[in-house]
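In what follows, chains are A, B, ... by sequence order, proteins preceding strands, each numbered from 1. Model, not experiment: these values are computed from the prediction.
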There are 2 protein chains.
Amino acid sequence: MTITTPRKRADARRNQEALLDAAAAAFVSSGVDVPVREIAAKAGVGVGTIYRHFPTRADLIVAVYHHQIEACAEAGPALLAESGSPHAALGRWIDLFVDFLVTKHGLAEAFRSDSSSFETLHAHFLDRLVPVCAELLDAAVAAGEIRPGTAALELMHGVGNLCIGARSETYDPRRLVALLIAGLRNPPDRPAAARV
Amino acid sequence: MTITTPRKRADARRNQEALLDAAAAAFVSSGVDVPVREIAAKAGVGVGTIYRHFPTRADLIVAVYHHQIEACAEAGPALLAESGSPHAALGRWIDLFVDFLVTKHGLAEAFRSDSSSFETLHAHFLDRLVPVCAELLDAAVAAGEIRPGTAALELMHGVGNLCIGARSETYDPRRLVALLIAGLRNPPDRPAAARV
DNA sequence: GGCATAAACGGAACATTGTTCCGTATAGTC
DNA sequence: GACTATACGGAACAATGTTCCGTTTATGCC
């Protein structure tokens with residue numbers, strides 16, 4: 001990102017920073033659905049400025065959580081290397097993903113949304129996380145721990161959906177996610193060389 | 001529930017009928033999130049009339065799908081009686097529930113919503129369907145087919161969540177729901193401690 | 001420093017949708 | 001036919017996303 005020819009104006013860069021900070025704070029206090037006006041006010045800019053820097057809400061979300069998404073993506077291979085079994089690594093990685101989703105009000109809802117405003121979010125998750133999930137799935141299949149035939153995208157879609165509505169005292173997605181992962185396991189009647 | 005003393009005015013009953021018909025049609029063509037004005041226009045009434053008859057959107061949804069919800073509830077005991085095993089009955093009943101949800105655009109989304117407007121929907125599902133699910137779960141636990149510890153409400157919440165975003169060509173909740181149900185199984189030859 | 005210009009800004013204005021409210025119309029009754 | 005409780009209609013208000021354009025300003029050049 002060198003400072004080449006088309007350098008942005010200083011105020012533009014300053015406002016973009018302010019917007020990211022304001023959005024991060026607003027997301028924490030009011031969820032990722034926080035009204036645009038509120039973010040603009042917190043950042044001390046007009047709404048037009050938000051739309052100029054981040055054409056869709058998804059762009060803003062992706063920018064705010066970029067680091068955390070990267071960290072999650074990079075944790076995949078690490079877990080695979082250090083965990084006893086691919087299936088255990090998959091389970092732990094999914095836990096990371098679930099933690100990421102449930103600690104951000106409304107992110108799971110946004111992730112599943114098929115509204116066009118969230119295309120960027122979908123695309124980014126697809127680019128960074130689905131391949132990681134696929135790697136873990138493949139390893140577990142190769143080790144004979146789980147049955148083949150489940151696509152990474154499908155699994156992540158399901159996990160994302162299960163995380164919707166977390167935060168309500170009466171619903172903890174982690175148990176259900178664990179059931180889902182357990183459901184992947186090879187049935188014991190099938191002779192498989194896998195023994196944990 | 002007969003038409004006793006406080007009989008409603010004829011035009012009121014007529015409008016309620018018209019609203020139910022219009023809403024049913026609108027739900028099919030535009031999902032249960034269809035704008036209120038659209039339903040009112042289709043029924044040939046003003047929006048005020050909708051709110052008078054159905055204070056919240058959930059009331060309208062419940063009224064429109066009342067028969068189907070009843071049918072689903074009544075199918076539970078029947079399946080339990082005729083199926084080979086409680087777990088099979090549970091699986092088939094969940095399939096019915098999934099079918100019900102995915103054939104109504106947006107119903108799964110509404111079901112999971114914790115917005116106060118949907119309290120009636122929640123309440124009705126809780127009253128009619130959760131006990132049925134609990135009965136099936138208990139029977140399967142008693143038969144030793146699944147592990148105990150999963151609440152009916154939790155399971156239905158999860159299944160409902162998995163059904164969000166169906167209709168998109170690329171996502172079929174049935175496979176994931178099947179995984180979830182499979183995850184409940186209590187493998188007879190594997191001690192519970194082997195779980196990850 | 002002063003100036004020209006392209007870049008960026010701000011927020012009014014418009015669009016969509018839910019919800020309320022009250023003046024008006026009318027079904028049922030005597 | 002008149003009276004009244006009931007019901008109706010739709011204007012009006014509120015919340016929110018999105019666009020648009022007149023105004024401001026940072027930057028490069030003299």
Side-chain angles (χ1 to χ4, degrees), chain A residues 3-23 26-27 29-61 63 105-106 109-110 113-121, chain B residues 3-23 26-27 29-61 63 105-106 109-110 113-121:
Chain A
I3 324 169
T4 54
T5 326
R7 181 133 160 243
K8 265 164 111 176
R9 261 170 57 167
D11 55 346
R13 267 175 295 140
R14 213 181 321 124
N15 278 332
Q16 179 147 343
E17 267 316 302
L19 275 172
L20 282 175
D21 289 348
F27 287 174
S29 61
S30 313
V32 298
D33 289 323
V34 61
V36 183
R37 284 165 177 76
E38 217 168 290
I39 302 175
K42 226 183 265 250
V45 305
V47 287
T49 302
I50 284 200
Y51 281 96
R52 200 168 314 107
H53 285 285
F54 305 99
T56 72
R57 179 181 298 270
D59 293 310
L60 189 50
I61 295 175
H105 297 216
E109 285 82 346
S113 162
D114 53 356
S115 154
S116 62
S117 330
F118 289 99
E119 260 169 32
T120 311
L121 187 63
Chain B
I3 323 166
T4 53
T5 327
R7 182 134 160 240
K8 268 162 106 175
R9 260 169 58 169
D11 55 347
R13 269 176 293 139
R14 213 183 320 124
N15 279 331
Q16 179 148 343
E17 268 315 303
L19 275 172
L20 282 174
D21 289 348
F27 287 174
S29 61
S30 312
V32 298
D33 290 322
V34 61
V36 182
R37 283 165 177 74
E38 217 167 290
I39 302 175
K42 227 183 264 249
V45 305
V47 287
T49 301
I50 285 200
Y51 282 95
R52 201 168 312 108
H53 285 285
F54 305 98
T56 72
R57 180 181 297 270
D59 293 309
L60 189 49
I61 295 176
H105 298 217
E109 285 82 346
S113 163
D114 53 358
S115 154
S116 61
S117 331
F118 289 100
E119 260 170 32
T120 310
L121 188 63

Inset, instruction - Map B:R9 and B:G48 onto DNA chain C by nearest heavy atom, then report which one ends up closer to the 5' terminus. - result: B:G48
Inset, instruction - Residues of residues 52-61 of chain B with any non-hydrogen atom less than 4.0 angstrom from an atom of DNA chain D: list those, numerically ordered, please. - result: B:R52, B:H53
Inset, instruction - Tell me which nucleotide among C:dT17, D:dT27, C:dC9 gets nearest to the side chain of B:P35. - result: C:dT17
Legend entry - Whichever of B:G44 and A:E38 has its nearest DNA chain D nucleotide further upstream toward 5': B:G44
Legend entry - Rounded distance (Å) that lies between atom C1' of C:dG10 and atom CD1 of A:I50: 12 Å
Legend entry - Length of the OH-C1' vector between B:Y51 and C:dT20, whole Å: 9 Å
Inset, instruction - Scan A:K8, A:R9, A:R14 and name whichever one has a side-chain hydrogen bond (donor to acceptor under 3.5 Å, both in side chains) with A:D11. - result: A:R9
Legend entry - Check: D:dG17 base within 3.5 Å donor-acceptor of A:R37 side chain: yes
Inset, instruction - With rounding to the nearest 0.5 Å, note down the distance linking NE2 in B:H53 to CD in B:E17. - result: 10.5 Å
Inset, instruction - Round to a whole Å and report the spacing from CZ of A:R13 to P of D:dT27. - result: 7 Å
Legend entry - Smallest separation among heavy atoms of B:K42 and B:A26, with atom names: CE-CB, 3.9 Å
Inset, instruction - Check whether any side-chain nitrogen or oxygen of A:N15 sits under 4.0 Å from OP1 or OP2 of C:dA8, and answer yes or no. - result: no
Legend entry - Which atom of A:A43 lies closest to which atom of A:A18, heavy atoms considered: CB-O, 3.8 Å
Legend entry - D:dA7 OP1/OP2 closer than 4.0 Å to side-chain N/O of B:T49: no
Inset, instruction - Given side-chain contact (heavy atoms from CB on, under 4.5 Å), test B:H105 with B:F27 step by step and report yes or no. - result: CA-CA 7 Å; B:H105 298 217; B:F27 287 174; over 6 Å; no
Inset, instruction - Using whole Å, report how far CD1 of A:I39 lies from C1' of D:dG17. - result: 12 Å
Legend entry - Listed nucleotide nearest any side-chain atom of B:V47, set D:dA11, D:dG17, D:dT27: D:dA11
Legend entry - Criterion side chain to side chain contact (heavy atoms under 4.5 Å, CB included) against A:F54, the qualifying member of A:I61, A:V36, A:L20: A:L20
Inset, instruction - Please answer whether the main-chain N or O of B:V32 pairs with a side-chain N or O of B:R57 as donor and acceptor at a distance below 3.5 Å. - result: yes
Inset, instruction - May I have the distance from B:D11 (atom CG) to D:dA7 (atom C1'), rounded to whole angstrom? - result: 6 Å
